[in-house]
Amino acid sequence: MTQTLPQTTRPPMTLTIAGSEATGGAGAQADLKTFQELGSFGMIALTCIVSFDPKDDWNHRFVPVEPQVIADQIEAIFGDYDAEALDTVKLGMMGTPTTISTVSEALAARRPRHVVLDPVLICKGQEPGHALDTDNALKSELLPQATFVTPNHFEAEQLSGITVRSLEDLTAAAHEIHRISGAAVLAKGGVRLEGPDAVDVFVDGDGAEVLRSPKIGEHAVSGAGCSLAAAVAAELSKGATPLEAARRAKEFVTAGIRQRVAGGTPFDALWQGGLRG
Ligand code: PXL
């Protein structure tokens, strides 16, 4: 007979539906570490496995997880915790149109309160036709279910149809993505916009706010996008408003970039423990 212990207070909970990036800089690994750092109980439904290839310029080797196995993981997670306990889901790399349909159906059946979409559009190592189909599926099936979207510079251009060269362009793109999706938008200029600051733009139904922090180097750090969206999700799971979540996530990522981890890859990895000091 199993012993039933008295119910303790449950921590906030966040599920990521994302891919594995083995070196631990990006993907589901970055998400889970971010959830833990910010005090949200993390869960993963894995969509694919990415292995950088040191013999081929660190290009991505990509293996999708079977659709049924993705559906099984989501079933296990929502069987374990009901939608009231688990009301926040983060979506990372999907990788194939079939995966997107599987995840879209699973979400539509459960309708979590917060769906944070990191619209990872193209993964190196996928052929262009396939990548375009995946991008289109993401726009038509997942974007409408998102409550919060975190496009980077390239993704903001693709989703909005606006070329982004300035803060004004980024702001226009964020407004357009908010208009088509209804979601709160945190559009990231990162190191891609000129100037001394890494500038992001937050837009929701209540207005817009520019978030700034001094740039740390001129190179993008692996895992920054994943960690930012994961931090937004963790903060929402704790009851933050979308704007509070965006501000806190920016602080988390800035601290993690400041203490980034260098290795053999041509890019450094964000350290999710950056805010510990
Ligand atoms: O940073 C985007 C990203 C997301 N998810 C996985 C990845 C990457 C980039 O490498 O591998 C699994």
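Read the numbers this way: they start at 1 and go in the same order the structure lists the ligands and their atoms. The figures here come from the full heavy-atom set of this structure, side chains too, leaving out hydrogens, waters and symmetry mates.
Of the candidates M93, M94, H60, it is H60 that places a heavy atom closest to atom 9 (C) of ligand 1.
Residue-ligand proximity, S20 to ligand 1, at heavy-atom distances under 4.0 Å covers atoms 12 (C). The contact set between ligand 1 and G19, taken as ligand atoms under 4.0 Å from a residue heavy atom, comprises 12 (C). Ligand-side atoms of ligand 1 in range of F52: 10 (O), range being under 4.0 angstrom from any heavy atom. Close contacts between ligand 1 and V50 involve ligand atoms 11 (O), 12 (C) [criterion: under 4.0 Å to a heavy atom].
Residue contact annotation: C226 has a non-hydrogen atom under 4.0 Å from ligand 1. Within the structure, ligand 1 lacks G92 among the residues with a heavy atom less than 4.0 angstrom away.
Ring-centre distance between H114 and F148: not below the 6.0 Å cut-off.
With a 4.0 Å cut-off on non-hydrogen atoms, S222 does not touch ligand 1 at all.
Using a 3.5 Å distance cut-off with no hydrogens or angles, the side chains of D31 and T34 do not pair a donor with an acceptor. Side chains of T23 and E21: a donor-acceptor N/O pair is present below 3.5 angstrom, by distance only. Counting only N and O atoms by type, the side chains of T88 and T14 include no donor and acceptor under 3.5 Å apart. A donor and an acceptor atom, one from each side chain of E157 and T163, are nowhere located under 3.5 Å apart.
The aromatic rings of H60 and F52 sit tilted relative to each other, their planes meeting at an angle between 30° and 60°.
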